[in-house]
Asks: 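There's a structure below that I have some questions on.
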Protein chains: 2
Amino acid sequence: MIGIKRLAEHLNISIGTVSRALNGRPDVNDETRRRVLEAAAELGYVANQSGRNLRQGNTNAVGFMIESGADTAGNSDNFFLGVIDGVQHVLARHDLDLLVLPCPGDENPSQYLQRMVSRRAVDAMIISATHRVDARIDLLTKARLPFIALGRSTSGGNVYPWIDLDFEGVANRAIDRLVAKGHRRIAVGLPSNDINLGFIFLDGIKGALKRHKIRFDPSLIIRAASTEQGGYQITHEVLAMKDPPTALVLVYELMAIGAYRRLGEAGMTPGKDFAVIGFRESPLAKFLQPALTCFRMSLRDLGIGLGESLLAVMPPYADTYPQGLVNKIWPMELVPGESDAFTRKG
Amino acid sequence: MIGIKRLAEHLNISIGTVSRALNGRPDVNDETRRRVLEAAAELGYVANQSGRNLRQGNTNAVGFMIESGADTAGNSDNFFLGVIDGVQHVLARHDLDLLVLPCPGDENPSQYLQRMVSRRAVDAMIISATHRVDARIDLLTKARLPFIALGRSTSGGNVYPWIDLDFEGVANRAIDRLVAKGHRRIAVGLPSNDINLGFIFLDGIKGALKRHKIRFDPSLIIRAASTEQGGYQITHEVLAMKDPPTALVLVYELMAIGAYRRLGEAGMTPGKDFAVIGFRESPLAKFLQPALTCFRMSLRDLGIGLGESLLAVMPPYADTYPQGLVNKIWPMELVPGESDAFTRKG
DNA sequence: CGGTGCCCCGAAAACGTTTACGAGTCAACT
DNA sequence: AGTTGACTCGTAAACGTTTTCGGGGCACCG
């Protein structure tokens with residue numbers, strides 16, 4: 001309620017001096033600064049963000065765009081909450097606030113982003129769930145707004161700042177593991193939309209198969225919604241094949257839950273009659289019986305990485321953060337379970 | 001990049017007229033308005049939010065505070081994403097944007113909220129996961145910021161605007177169902193923190209037991225984290241009792257997953273040797289085997305209700321929304337499953 | 001005693017927008 | 001013809017802050 005004006009006249013000081021005192025400028029007497037800070041705390045003064053934004057043209061806030069259409073998430077626990085926690089941990093060091101901008105399910109993501117960007121409500125953006133071609137990347141580069149993407153894309157000539165999970169590594173280790181156990185026909189469950197991780201993951205699979213000199217069979221690639229339902233459906237299709245595979249690799253842990261369910265209905269046990277490897281370890285995946293073989297990472301650390309990489313491309317902070325963080329493949333650690341214990345006799 | 005000034009001189013018109021034309025004021029010629037809108041679209045003009053905020057003292061945005069410390073969520077799917085979708089649907093009708101404000105796990109929620117409020121970054125707030133005594137409610141009323149809470153609280157004299165789930169109804173129907181099947185010793189799993197829904201749910205349980213003339217046994221009330229792990233632990237304690245109950249009611253669906261797991265380890269089957277009733281139906285709960293008896297609601301509708309009730313207490317919109325929505329118990333629909341099919345011989 | 005430099009502060013402009021006020025035009029009515 | 005009113009628009013103030021500029025002290029040095 002109280003502004004810098006009232007604070008100034010309460011102290012019999014000009015507003016300029018008050019502003020300088022509050023912002024830690026050097027050219028103000030120590031005693032004066034002490035009085036100002038004391039009075040500010042006493043009267044509960046806090047700077048009006050709009051006035052500050054208008055004057056200095058920035059907002060001290062960064063946006064994190066997510067999509068509130070829940071289906072696209074595909075994560076069993078609150079993936080974003082974990083990541084956000086890490087991002088905030090970094091931003092807090094510089095008094096930057098994080099605003100989550102949820103794109104409504106019925107709105108075009110690029111248009112929504114455009115609106116948010118042109119409103120100048122944030123100094124930088126984090127976008128996630130990048131698609132194979134993603135207009136948001138061109139939009140942000142054109143607007144010259146610092147940003148970082150969680151996920152690669154073919155847009156922007158792949159020269160924009162991003163961090164992405166190690167889908168190739170996961171695909172390779174999953175295939176290696178299955179091949180070592182004698183599997184040759186391995187199905188892969190991918191998301192049905194054009195989110196880029198599906199393509200990257202598939203490339204990783206193809207590379208691994210070629211390395212093992214196994215012919216790639218496109219009919220073993222099955223796409224479905226990145227949900228339990230999707231995993232159920234994928235498994236259903238797999239089991240109905242004339243020449244069914246003996247193993248299944250899934251790119252979302254939610255899919256694994258559906259897969260377990262469908263296998264159970266068929267009287268099969270994961271890791272006994274059929275091998276399943278999931279993607280990300282999550283509290284829920286941990287409760288699958290038998291334990292799901294999957295891959296682990298720290299959501300919070302990922303958030304910290306995102307935050308630091310973002311700061312590295314924001315002019316006011318760029319010098320304190322190494323530029324090397326701007327592009328990064330985020331490693332994931334294998335968590336061996338029982339779901340792929342099945343050794344194919346062959 | 002382009003401001004109203006440039007737009008005005010490009011049209012040889014005063015900036016006042018441009019502003020009036022853009023804001024739909026009546027005192028501007030139709031032809032002039034057409035030209036302004038056309039030029040604005042062509043040059044990609046969009047109002048600087050900071051300038052507008054500063055002038056008219058509001059932000060055309062409402063905040064939704066959540067806690068990014070993931071543990072408190074207790075929901076298996078992305079609960080908030082569903083609710084947010086509904087809220088946005090309502091707000092969009094009035095050109096209001098929604099900002100999600102995630103309180104960092106290591107920061108005091110009230111202090112965080114205080115910061116956000118005094119920055120005047122939002123015109124109104126939605127808070128969730130209210131605690132039994134919740135300083136945020138007093139804070140918001142004192143700041144005279146319109147708000148609505150998802151959840152009741154004893155703070156604020158219970159005269160603040162809220163919407164809350166029908167925990168009493170759920171508790172009563174759960175107990176009714178179990179008693180009708182002959183159960184007399186019924187355990188209840190509650191969250192271990194002081195989130196208010198735990199207390200309300202417990203009151204509902206007590207009332208229902210009294211109605212059935214069953215003595216309330218405090219040792220059957222078990223508190224744990226609102227996670228799968230918590231449900232596992234609760235079930236573990238229940239099974240270890242000297243005089244174990246025959247049924248368990250849980251206030252989070254995530255707990256049910258842990259309960260199933262622990263029962264399985266004990267060689268027991270839900271709905272056969274032991275009755276389990278969960279709380280909210282979710283995509284994941286649907287995949288439990290046997291089907292979990294739980295309660296259903298539409299997250300999106302809840303969000304719509306929240307949004308409308310919020311608008312009802314925001315001065316600029318209060319007239320278009322009925323005041324009756326301001327306090328509301330949100331109904332939930334019973335979804336019968338097999339997890340409580342077990343009829344106790346008694 | 002004049003010049004120089006430093007420390008601290010006040011005055012005022014500027015950010016982009018909205019809006020109160022008044023003025024100009026023109027038609028219509030008395 | 002004078003008055004009224006409707007319609008349209010330009011002028012300028014205001015929102016709260018930051019920041020540039022310059023000036024008044026004061027000490028120090030020549």
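Remember, predicted model here, so these are calculated numbers, not experimental data. Letters A, B, ... are given to chains in the order of the sequence lines, protein chains preceding strands, and every chain is numbered from 1.
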Asks: B/Lys5 NZ to D/dT11 P: how many Å, rounded?
Replies: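 One finds 13 Å between P of D/dT11 and NZ of B/Lys5, rounded.
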
Asks: Is A/Val36 close to A/Val28 at the side-chain level, that is, under 4.5 Å between some pair of heavy atoms?
Replies: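 The answer is no, as the side chains (C-beta and beyond) never meet within the 4.5 Å cut-off.
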
Asks: Atom CG of B/Asn12 and atom P of D/dT11: how far apart are they, to the nearest Å?
Replies: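 Checked: the CG to P distance equals 12 Å.
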
Asks: What's the closest nucleotide to the side chain of B/Thr17 if the choices are D/dT17, C/dG16, D/dG10?
Replies: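 It is D/dG10.
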
Asks: When you check the phosphate oxygens OP1 and OP2 of C/dG10, does a side-chain N or O of A/Ser14 lie under 4.0 Å from one of them?
Replies: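 True: A/Ser14 side-chain N/O within range (under 4.0 Å) of C/dG10 OP1/OP2.
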
Asks: How long is the line joining CD1 of B/Ile2 and P of C/dC15, in whole Å?
Replies: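 It is 15 Å, rounded to the nearest whole Å.
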
Asks: Please list, by residue number, the residues of residues 55-62 of chain A whose heavy atoms come closer than 4.0 Å to an atom of DNA chain D; answer none if no residue qualifies.
Replies: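 When residues 55-62 of chain A is checked for heavy atoms under 4.0 Å from DNA chain D, the hits, listed by number, are A/Arg55, A/Gln56.
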
Asks: Base, sugar-phosphate, or nothing: which does A/Gly16 touch, judged by heavy atoms less than 4.0 Å apart?
Replies: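 Here A/Gly16 touches the bases of the nucleic acid.
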
Asks: Within residues 19-43 of chain A, which residues have any heavy atom lying less than 4.0 Å from an atom of DNA chain D?
Replies: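 Of all residues in residues 19-43 of chain A, the ones placing a heavy atom under 4.0 Å from DNA chain D are A/Ser19, A/Arg20, A/Asn23, A/Arg25.
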
Asks: Scan B/Ile13 against the nucleic acid and name what it touches under 4.0 Å (heavy atoms): base, sugar-phosphate only, or nothing.
Replies: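 Touches sugar-phosphate only.
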
Asks: Using atom CD1 of A/Ile15 as one end and atom C1' of D/dT18 as the other, report the distance to the nearest whole Å.
Replies: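 Atom-to-atom, A/Ile15 to D/dT18, this comes out as 9 Å.
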
Asks: Whether A/Arg52 contacts D/dG16 is assessed here as follows: a side-chain N or O lying under 4.0 Å from the phosphate OP1 or OP2. Is that the case?
Replies: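 A/Arg52 to D/dG16 OP1/OP2: no side-chain N or O under 4.0 Å.
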
Asks: May I ask you to decide if the ring planes of A/Phe80 and A/Phe64 are parallel, tilted or perpendicular, using 30° and 60° as cut-offs?
Replies: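 Answer is perpendicular, since the angle exceeds 60°.
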
